[in-house]
Student: 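What follows is a single structure, and I will ask about it in a moment.
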Amino acid sequence: MTVQEAATRLLEAEKSKHVIQPLTETYPGITVDEAYHTQLEFIQRKVDEGAIIVGKKIGATSKAIQNMFGVNQPDYGHLLDDMMYVEGEVISLKDFIQPKVEFEIAFKLKKDLKGPNVTVMDVLEATDYIAPAIEVIDSRIANWEIKFEDTVADNGSSAAAIIGGKPAKLDGIDLTHIGMVAYRNGEMIDSGAGAAVLGSPLRSVAWLANSLGKYDVSLQAGEIVLSGALTSAVEIEDQDTFTAEFDHIGAISVTFKR
């Protein structure tokens, strides 16, 4: 199977809402590099059809997520304009296959970042503001039976993002210790802190810039970066409302319906 064939299978699965078997089974020799090139092909075809790249997402940054999906390192994906939702919208579950939510801190950049050698200080200087965010992850792979190469090829298993409405400057905020409490239909389901994300969300964004640099891709001014989940992913059911309350930067809420 070629990169082009793998991208075609993923795109067809996304459009039809019918899952496929893991690429690591149908193409057992797939490498991480080939998986990233599959993702780039997947995204380029969407751009060719009119989609606009508005940012990036970092996945599998916390031990909780790595353990959930059986991977042992972070990955990343692209955010497109048609994946972005405004807080307060009711999101249709018909747009997804087997979705889950993650609670994250989003970065809005005011300067470009391109690896290698991007540091935490570079990220601080390049950040315009941060905001609470919820990411919808989804897999085109049957039953989430993914290995690292599968989720990489599948755009980091990303499907949608909702950004909170209270942007905050980084001045005086300790992102390592920033706390978050998540609720489902008013009941607390989990809590976490920024340290769960590679030790700090700042370090996560630096990792992303350096990883993208290997493929001559940069983070650009104006882009949104989802820095990684603070807790495990949670399955979504009809009529669910999820809320995440973050210290210092406010809360975000979203409702899903069929």
Side-chain angles (χ1 to χ4, degrees), residues 3 6-7 30-47 51-63 65-66 69 71-81 83-84 102 104-131 133 135 137 147-158 161 163 169-170 173-176 178 194-230:
V3 163
I30 188 171
T31 65
V32 171
D33 192 55
E34 288 170 330
Y36 275 120
H37 280 293
T38 297
Q39 180 186 137
L40 292 172
E41 175 72 15
F42 177 93
I43 293 299
Q44 186 58 54
R45 292 196 200 175
K46 291 198 162 197
V47 169
I52 299 170
I53 297 171
V54 297
K56 310 290 189 299
K57 60 78 52 101
I58 309 166
T61 51
S62 70
K63 287 297 181 185
I65 293 294
Q66 290 181 6
F69 295 119
V71 299
N72 59 8
Q73 58 183 306
D75 68 346
Y76 58 80
H78 290 68
L79 299 176
L80 303 175
D81 59 333
M83 297 167 61
M84 308 303 289
E102 296 181 341
E104 314 192 17
I105 296 172
F107 286 66
K108 181 68 176 287
L109 300 181
K110 61 183 178 182
K111 294 181 180 179
D112 295 355
L113 285 171
K114 186 171 184 180
N117 304 318
V118 171
T119 67
V120 165
M121 288 304 298
D122 294 329
V123 176
L124 277 168
E125 293 175 2
T127 299
D128 186 7
Y129 61 81
I130 58 174
E135 181 185 4
I137 60 171
K147 294 182 179 178
F148 185 72
E149 294 82 2
D150 294 303
T151 188
V152 165
D154 193 20
N155 195 33
S157 302
S158 192
I163 309 299
K169 296 297 184 181
L170 277 171
I173 297 179
D174 180 356
L175 286 185
T176 298
I178 190 170
V197 184
L198 296 185
S200 166
L202 290 166
R203 189 178 300 167
S204 180
V205 176
W207 172 88
L208 174 63
N210 291 324
S211 297
L212 287 168
K214 299 173 186 176
Y215 298 93
D216 197 32
V217 177
S218 65
L219 296 173
Q220 299 180 0
E223 285 194 334
I224 293 286
V225 178
L226 300 182
S227 59
L230 276 66

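Quick note: residue numbers are just sequence positions, from 1. Predicted model, so just to flag it, every value in this text is computed and none were measured.
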Student: Identify the heavy atoms of S227 and V197 that sit nearest to each other, and give their distance.
Tutor: O-CG1, 3.0 Å
Student: A side-chain contact here means heavy atoms from C-beta on lying under 4.5 Å apart; do P74 and L198 qualify?
Tutor: yes
Student: Please find the pair of heavy atoms, one from V32 and one from V152, that lie closest to each other, and give the distance.
Tutor: O-CG1, 4.4 Å
Student: Report the distance from atom CE of M84 to atom CD1 of I224, rounding to the nearest 0.5 Å.
Tutor: 5.5 Å
Student: What's the spacing between L219 CG and D122 CG if we round to 0.5 Å?
Tutor: 11.5 Å
Student: Check whether any side-chain N or O of S157 sits under 3.5 Å from a backbone N or O of I137 as a donor-acceptor pair, and report yes or no.
Tutor: no
Student: If I take atom CD1 from residue I53 and atom CE from residue M83, how far apart are they, to the nearest 0.5 angstrom?
Tutor: 11.0 Å
Student: Can you name the nearest heavy-atom pair linking A133 to L226, along with the distance?
Tutor: CB-CD2, 3.8 Å
Student: Can you list the residues that meet the salt bridge (charged side-chain N to carboxylate O under 4.0 Å, His left out) rule with K46, with sequence neighbours excluded?
Tutor: E14
Student: So which atom in V120 and which in A206 form the shortest heavy-atom distance, rounded to 0.1 Å?
Tutor: N-CB, 4.3 Å
Student: Looking only at atom types and distance, does a side-chain atom of E125 sit under 3.5 Å from a main-chain N or O of K111, one as donor and one as acceptor?
Tutor: no
Student: Any chance you could measure D75, atom CG, to L208, atom CG, to the nearest 0.5 Å?
Tutor: 10.0 Å
Student: Could you grab the distance from atom CG of L175 to atom CD1 of I105, nearest 0.5 Å is fine?
Tutor: 5.0 Å
Student: Using a 4.5 Å cut-off on heavy atoms from C-beta on, say whether the side chain of V225 contacts that of I58.
Tutor: yes
Student: Mind checking what makes salt bridge (charged side-chain N to carboxylate O under 4.0 Å, His left out) contact with D112, not counting sequence neighbours?
Tutor: none
Student: Flag the pair Q39 / Y76 as yes when at least one side-chain heavy-atom distance between them is below 4.5 Å, and no otherwise.
Tutor: yes
Student: Where is the tightest heavy-atom contact between L230 and G194, given as atom of each residue plus distance?
Tutor: CD2-N, 4.0 Å
Student: Tell me, please, which residues at least two apart from E34 pass side chain to side chain contact (heavy atoms under 4.5 Å, CB included).
Tutor: Y27, I30, T31
Student: Scan residues 213-228 for pairs that pass salt bridge (charged side-chain N to carboxylate O under 4.0 Å, His left out), counting only residues two or more places apart or in two chains.
Tutor: K56-E223, K114-D216
Student: To the nearest 0.5 angstrom, please state how far the CD1 atom of I43 sits from the CG atom of N155.
Tutor: 4.0 Å
Student: Taking only residues two or more places apart in sequence or in another chain, which ones pass salt bridge (charged side-chain N to carboxylate O under 4.0 Å, His left out) with E135?
Tutor: K57
Student: Using the side chain to side chain contact (heavy atoms under 4.5 Å, CB included) definition, which of the options L113, D128, L202 pairs with F107?
Tutor: L202
Student: With sequence neighbours excluded, give me every salt bridge (charged side-chain N to carboxylate O under 4.0 Å, His left out) pair touching residues 148-157.
Tutor: R140-D154
Student: Test your reading of the model: is there a side-chain donor-acceptor pair from N210 to the backbone of V118, 3.5 Å cut-off?
Tutor: yes
Student: Contact between V205 and T127 at the side-chain level, heavy atoms closer than 4.5 Å - yes or no?
Tutor: no
